[in-house]
Amino acid sequence: MTPENQTRKKVSVLIPCYNEHSVLPLLFARMNEFMNSMPSYDWEVVMVNDGSSDDSMLQIAQMNIRDKRWQYVNLSRNFGKEIAMMAGLDYVSGDCVVIMDADLQDPPELIPEMLRFWQEGYDDVYATRRSRGKESWLRRRLSLSYYSLLQRTTRIPVLQNAGDFRLLDRICIDALRRMREVQRYTKGLFTWIGFRKKEITFDRADRAAGQTHWNFWKLLALAIEGITSYTTIPLRISTVIGFITSFGAFIATIYFLLKTWLLGDPVQGFPTLVILILFFSGVILLSLGIMGEYIGRIFNESKGRPAYFVQEASLSLKS
Ligand code: UDP
Ligand code: MG
């Protein structure tokens, strides 16, 4: 980005949207007011409807008729937020994009600050939350320990408390568009691509309306996704554990052989046997499970399917 040059800049706002019936009217009002307050930019909001089963799509289409700044991509079914964002990045046409949640937990009022840093030459201005809004104590604790665990496995910085709320320059958009993996952990991709990054902080609001789409199991799945797409360390850990236990088994063998030969020990030690068998079966199953996670990823990626299908879109794919 060249700072402050003469041509008008186009800013795209990418909003994945899944069953946001109750929050959309608020979003439209707040975003329109916001965009009107910043007439020095050209605005485009790309709503990615991620297979909503309520009337979200209808509301979005009506907004598009009323105001051409509002565009949409309607996916053929629910693909999940990660894929919805990927689809959005394929369609946005701006010089930069701001990725934002539909539920107004990410305040649009932060965008001017992002734009300022962007104009100064940063390519990726991401917002980290100082507070996390209404969330259970357990979810917060789990989330924090998860990030510190993840960080210990990799050299690439893991951003704690950073959501997907960020501004990306066209250079980042094009980089992300080249990463076509289907099983995505977008947060990891943002850091992986690099470029000039700038952190800003904000207080995360509570959901303006409606309910979160995440439950414990979905979050657990995302967490495993994060680890297996970030690092292959678990594979190595299982190798090391395998090595240590084999070595232990070798020592134990010698010990028992000597004991039998030298002392003529009569057959005993049934409990020891049971414990050993249980322990080693556990270790073996765990290692198989870890390998399975990675093989599953290979399986899914090797099919080479398109990541999503589009029912209809009000704008065309950015070339
Ligand atoms: N979302 C989506 N597809 C999904 C689930 C969620 O596009 O399958 C969108 C949702 O509409 C919202 C954003 O992702 O704009 C974040 O979802 P949510 O607010 O439920 O997550 P949380 O803020 O609780 O992490
Ligand atoms: Mg939310």
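Both ligands and their constituent atoms are indexed starting at 1 by order of listing.
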Participant: So which heavy atom in the protein is nearest atom 18 (P) of ligand 1, and how far is it from that ligand atom?
Facilitator: R207 NH2, 3.5 Å
Participant: In the protein, which heavy atom is nearest to atom 22 (P) of ligand 1, and how far is it?
Facilitator: W214 CD1, 3.6 Å
Participant: For atom 23 (O) of ligand 1, what's the nearest protein heavy atom and its distance?
Facilitator: Q105 OE1, 2.6 Å
Participant: May I ask you to check whether N32 and R66 show a side-chain donor-acceptor distance below 3.5 Å?
Facilitator: no
Participant: I want to check a possible cation-pi pair here: K9 against Y41, using under 6.0 Å from ring centre and within 45° of the ring axis as the test.
Facilitator: no
Participant: Using a distance-only test with no angle check, is there a side-chain donor-acceptor pair under 3.5 angstrom linking D90 and Y308?
Facilitator: yes
Participant: Select the closest option to atom 3 (N) of ligand 1 among I99, L104, D50, judged by heavy-atom distance.
Facilitator: D50
Participant: Write out the residue and atom name of the closest protein heavy atom to atom 9 (C) of ligand 1, then the distance separating them to 0.1 Å.
Facilitator: P16 O, 3.8 Å
Participant: State, without any angle test, whether S93 and E44 hold a side-chain donor-acceptor pair at a distance under 3.5 Å.
Facilitator: yes
Participant: In the protein, what heavy atom is nearest to atom 14 (O) of ligand 1, and what distance, to one decimal place, separates them?
Facilitator: K81 CD, 3.2 Å
Participant: Classify the contact between N78 and ligand 1 as side chain, backbone, both or neither, using a heavy-atom distance cut-off of under 4.0 Å.
Facilitator: side chain
Participant: So that I know where these two stand, are F195 and Y122 an aromatic pair - ring centroids less than 6.0 Å apart?
Facilitator: no
Participant: Quiz question: by atom type and distance under 3.5 Å, do the side chains of D95 and W118 form a donor-acceptor pair?
Facilitator: no
Participant: Indicate, as side chain, backbone, both or neither, the part of E20 found under 4.0 angstrom from ligand 1 when only non-hydrogen atoms are considered.
Facilitator: side chain
Participant: Counting only nitrogen or oxygen atoms and a 3.5 angstrom limit, does A102 reach ligand 1?
Facilitator: yes
Participant: Can you establish whether the number of heavy atoms outside R177 located under 6.0 Å from its atom CZ is more than 12?
Facilitator: yes
Participant: Between D101 and ligand 1, which residue portion shows a heavy-atom distance shorter than 4.0 Å: side chain, backbone, both, or neither?
Facilitator: both
Participant: Within 45° of the axis and under 6.0 Å from the centre of the six-membered ring of F28, does NZ or CZ of R30 qualify?
Facilitator: no
Participant: Identify the protein heavy atom lying closest to atom 24 (O) of ligand 1, giving its residue, its atom name and the separation to 0.1 Å.
Facilitator: T212 OG1, 2.6 Å
Participant: Does the side chain of Q71 come under 3.5 Å of the side chain of S314 through a donor N or O and an acceptor N or O?
Facilitator: yes
Participant: What part of C17 sits under 4.0 Å from ligand 1 if we count only heavy atoms: the side chain, the backbone, both or neither?
Facilitator: backbone
Participant: Identify the closest protein heavy atom to atom 6 (C) of ligand 1: which residue and atom is it, and at what distance?
Facilitator: H213 ND1, 3.6 Å
Participant: Could you grab the angle centred on the Mg ion (ligand 2), going from OE1 in Q105 to OD2 in D103, to 10°?
Facilitator: 100°
Participant: Using a strict 4.0 Å cut-off to heavy atoms of D103, name the atoms of ligand 1 that fall inside it.
Facilitator: 19 (O), 23 (O)
Participant: Treat each ILVMFWY residue as a node, draw an edge where side-chain heavy atoms are under 4.5 Å apart, and state whether I295 and L288 are in one component.
Facilitator: no
Participant: Which protein non-hydrogen atom lies closest to atom 1 (N) of ligand 1, naming both residue and atom, and how far is it?
Facilitator: Y18 CB, 3.8 Å
